[in-house]
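Working notes for the structure below.
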Amino acid sequence: MIVTAALLLPGLCALLLLLDRVENWLSAPASRPRHARARRHLRAVPGDGPATTPGRASEGAARRAHAP
């Protein structure tokens, strides 16, 4: 019983410190994702981004047309 009491206090202190760190990590402000880009390639809603002029090739299409 003495061994249990002697090990219980340090175990609870370690658990308290761990939960404090997890709480700080979860409540930290979110940073910008590292892979974020100005324009996304795939869109869930068509026409959600900047409008393109009809009949005008996009920048990517022009690059692919000149690719070897």
Side-chain angles (χ1 to χ4, degrees):
M1 190 160 153
I2 299 289
V3 174
T4 303
L7 294 176
L8 189 63
L9 185 60
L12 288 176
C13 288
L15 183 64
L16 179 66
L17 288 173
L18 176 71
L19 290 177
D20 183 52
R21 293 214 175 205
V22 168
E23 181 185 6
N24 288 340
W25 173 63
L26 289 175
S27 64
S31 62
R32 185 175 155 193
R34 288 178 279 169
H35 65 297
R37 293 177 44 182
R39 190 183 133 203
R40 299 189 60 140
H41 178 65
L42 298 175
R43 292 194 178 105
V45 179
D48 191 30
T52 58
T53 311
R56 182 175 168 212
S58 68
E59 211 175 282
R63 270 189 267 134
R64 285 190 300 274
H66 295 298

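Heavy atoms only: backbone and side chains are in, while hydrogens, waters and symmetry mates are out. Numbering of residues begins at 1 and proceeds along the displayed sequence.
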Worksheet, complete the sentence: The reported gap from CG in L8 to CG in L15 (rounded to nearest 0.5 angstrom) is 10.5 Å

Worksheet, complete the sentence: Applying side chain to side chain contact (heavy atoms under 4.5 Å, CB included) to N24 and not counting sequence neighbours gives D20

Worksheet item: At what distance, to the nearest 0.5 angstrom, does CG of L12 lie from CG of L19?
Response: 10.5 Å

